[in-house]
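Reviewing the structure listed below.
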Amino acid sequence: MSVTILAIESSCDETAAAVVKDGREVKSNIIYSQIELHKLYGGVVPEIASRKHVEKINQVITAAVDEAEVTWDDIDAVAVTYGPGLVGALLVGVSAAKAIAYAKHKPLVGVNHIEGHIAANYIENSDLKPPFMCMVASGGHSHLVYVKDYTSFEIVGRTRDDAAGEAFDKVARAIGLGYPGGPKVDKLAREGNPSAIAFPRAFMEDAPYDFSFSGLKSAVLNYLNGCEMKDIEVNKADVAASFQQAVVDVLTTGSVRAAKEYGCEYLALAGGVASNSLLRKELETACKENSIQFFYPSPVYCTDNAAMIGVAGYHDYVAGVRGGLNLNAVPNLKIGERLG
Ligand code: KG4
Ligand code: ZN
């Protein structure tokens, strides 16, 4: 039996809705990005994000249903991100989904945003099936996750401090590239020398799959301050390239080592940082050397989007997950945790 899901995502600064059939076929994927609005402040302003979501959510949902050329009768369930994320932002999507579920008599499915990022890999890669290792690296989260089954996860490693994307954004700000920094560092790094500056790579002795990026970030800031004090001109491209190489080395080493230890045939990449060109390239090479098949989503499915929520929501729906009309936003929802 075929299942069509209307999915809604509003956990951070993208207002998004999508229609997804049978967990792989994206019929529509509408994203309203608020980046231009938040750029002015150098990062996401939660209150502004919530207000913009309220303004845009109905338009985005209508556009997703129209573009998919489906009627409300064709939709089997409404899936919505209920955590983790910004509470005010999440509440807008959750309220909209509950209103639709109630008015149109549809089942409601609450979806974990990070599980959505992982599920983005299923959209274009029909070969990819659990079990596999997934490196989730975004602006808010960095996790190494063993995907045991479509709805069953084990956290193998996590960041001790900053998320990988957050480190990219902070370093970008320090060298004057603006927000969001990841894509800008990625681009500038192509003109720089990745071994120009020896920035530290933090490998945890006691937890080999955990990451830490705050020491690296401080090292970049110290380097920039040192140059300023000694009146040395900073080569920004070299800083970008050397910083990026340090992040990529740590993420690549950890994820390939974990995939091998867990005996995984597949390794997948997810989250905003999964768009990083060096990370993709180095993981591709490392996976080849270790006979692991490597998967990653297209950039449109790496950043926050609702199609990935429709895919994760499909698997949750099939597994019998249902949210009541008391479903609430859970800002610090953990991977694999089910609430509401
Ligand atoms: O997954 P995402 O859209 O939002 C969260 O759930 O956090 O990730 C956004 C993050 C930002 O920190 C952004 O700078 C980073 O992903 N990012 C990148 C690249 N594109 C986006 N980081 C490195 N290289 C990129 N090409
Ligand atoms: Zn995200």
Side-chain angles (χ1 to χ4, degrees), residues 7-16 18 29 31-35 38-39 42-44 46 49 80-86 89-90 93 111-121 134-143 145 158-159 162-175 177-190 192 194 211 213 216-217 240-241 243-252 268-283 296-309 311-312 331-333 335:
I8 299 170
E9 154 66 41
S10 69
S11 66
C12 191
D13 61 343
E14 265 90 26
T15 322
N29 185 31
I31 305 172
Y32 171 79
S33 170
Q34 304 180 4
I35 281 179
H38 298 284
K39 246 185 198 167
V44 177
V80 63
T81 306
Y82 73 111
L86 302 168
L90 288 164
V111 176
N112 181 308
H113 179 78
I114 302 177
E115 293 175 20
H117 272 303
I118 295 170
N121 278 287
C134 188
M135 162 59 69
V136 189
S138 73
H141 323 273
S142 290
H143 285 97
V145 182
R158 55 162 63 83
T159 179
D162 292 354
E166 199 178 343
F168 269 96
D169 293 337
K170 286 177 178 165
V171 166
R173 190 183 309 162
I175 54 175
L177 297 179
Y179 176 84
K184 291 178 174 142
V185 170
D186 191 349
K187 195 164 165 226
L188 183 63
R190 284 175 213 156
F211 321 104
F213 296 111
L216 170 61
K217 178 193 68 191
F243 158 76
Q244 179 176 264
Q245 189 67 56
V247 175
V248 168
D249 282 354
V250 169
L251 295 180
T252 305
L269 194 54
V273 183
S275 289
N276 186 269
S277 54
L278 185 72
L279 182 60
R280 288 176 179 225
K281 203 173 115 214
E282 302 238 327
L283 271 174
Y296 53 84
S298 292
V300 68
Y301 298 127
C302 287
T303 51
D304 290 349
N305 67 88
M308 68 185 196
I309 302 304
V311 178
N332 55 359
L333 184 68
I335 296 171

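Indexing begins at 1, ligand by ligand and atom by atom, following the structure's order. We count residues from 1, following the sequence as given. No experiment lies behind these values; they were computed from the predicted model shown.
- At a 3.5 angstrom cut-off on N or O pairs, Ser277 does not count as close to ligand 1.
- Counting only heavy atoms from C-beta outward, the side chains of Gln245 and Glu282 approach each other to under 4.5 Å.
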Subject >> Evaluation steps, side-chain contact (heavy atoms from CB on, under 4.5 Å), between Tyr296 and Leu279 >> reply: CA-CA 11 Å; Tyr296 53 84; Leu279 182 60; over 6 Å; no
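- The single protein non-hydrogen atom nearest to atom 7 (O) of ligand 1 is Gly139 N, 2.8 Å, given as residue, atom name and distance.
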**OP:** For the pair Glu14 and Cys12, evaluate side-chain contact (heavy atoms from CB on, under 4.5 Å) and give the outcome as yes or no after the intermediate values.
**Re:** CA-CA 6 Å; Glu14 265 90 26; Cys12 191; 5.5 Å; no
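- Counting only heavy atoms of the protein, atom 21 (C) of ligand 1 lies nearest to Gly272 O, 3.3 Å.
- Atom 18 (C) of ligand 1 has as its closest protein heavy atom Gly182 CA, 3.4 Å.
- Of all atoms in ligand 1, numbered sequentially from 1 with element shown, those under 4.0 Å from a heavy atom of Gly165 are 12 (O).
- His113 counts as a contact of ligand 1, since one of its heavy atoms falls under 4.0 Å from the ligand.
- Using a distance-only test at 3.5 Å, with no hydrogens or angles considered, no donor-acceptor pair links the side chain of Asp186 to the main chain of Gly182.
- Near Thr303, with a cut-off below 4.0 Å to any heavy atom, the atoms of ligand 1 are 3 (O).
- By the 3.5 Å distance cut-off applied to N or O atoms, Gly140 is counted among the residues near ligand 1.
- With hydrogens and angles ignored, the 3.5 Å screen pairs a side-chain donor or acceptor of Ser142 with a backbone N or O of Ala164.
- In this pair, Phe243 and Phe168 present their aromatic rings perpendicular. The plane angle is above 60°, beyond the 30 to 60° band.
- Residue-ligand proximity: Ser275 is placed with a non-hydrogen atom under 4.0 Å from ligand 1.
- With values rounded to the nearest 0.5 angstrom, Asn29 atom CG is found 10.5 Å from Glu9 atom CD.
- Annotation: Arg158, atom CZ; neighbour count of heavy atoms from other residues, nucleotides and ligands within 6.0 Å does not exceed 12.
- Residue, atom and distance of the protein heavy atom nearest to atom 3 (O) of ligand 1 are Asp304 N, 3.3 Å.
- Applying side chain to side chain contact (heavy atoms under 4.5 Å, CB included) to Val136 and the options Val273, Ile335, Leu269, Ile114 leaves one that passes, Ile114.
- In this structure, the protein non-hydrogen atom closest to atom 26 (N) of ligand 1 is Asp186 OD2, 2.9 Å.
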**OP:** Mind running side-chain contact (heavy atoms from CB on, under 4.5 Å) on Ile35 and Asp13 for me, showing each step along the way?
**Re:** CA-CA 7 Å; Ile35 281 179; Asp13 61 343; 4.0 Å; yes
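- Around the Zn ion (ligand 2), protein atoms of type N, O or S found under 2.8 Å number 3.
- Ring geometry for Phe211 versus Phe213: interplanar angle under 30°, hence parallel rather than tilted (30 to 60°).
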**OP:** Could you give me the CA-CA distance, side-chain angles and deciding distance for Met308 and Ile118, then say whether side-chain contact (heavy atoms from CB on, under 4.5 Å) is met?
**Re:** CA-CA 8 Å; Met308 68 185 196; Ile118 295 170; over 6 Å; no
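- Put simply, part of His117 is less than 4.0 Å from ligand 1, judged by heavy atoms.
- Nearest to atom 14 (O) of ligand 1 by heavy atom, out of Ile35, Asn276, Asp169, is Asp169.
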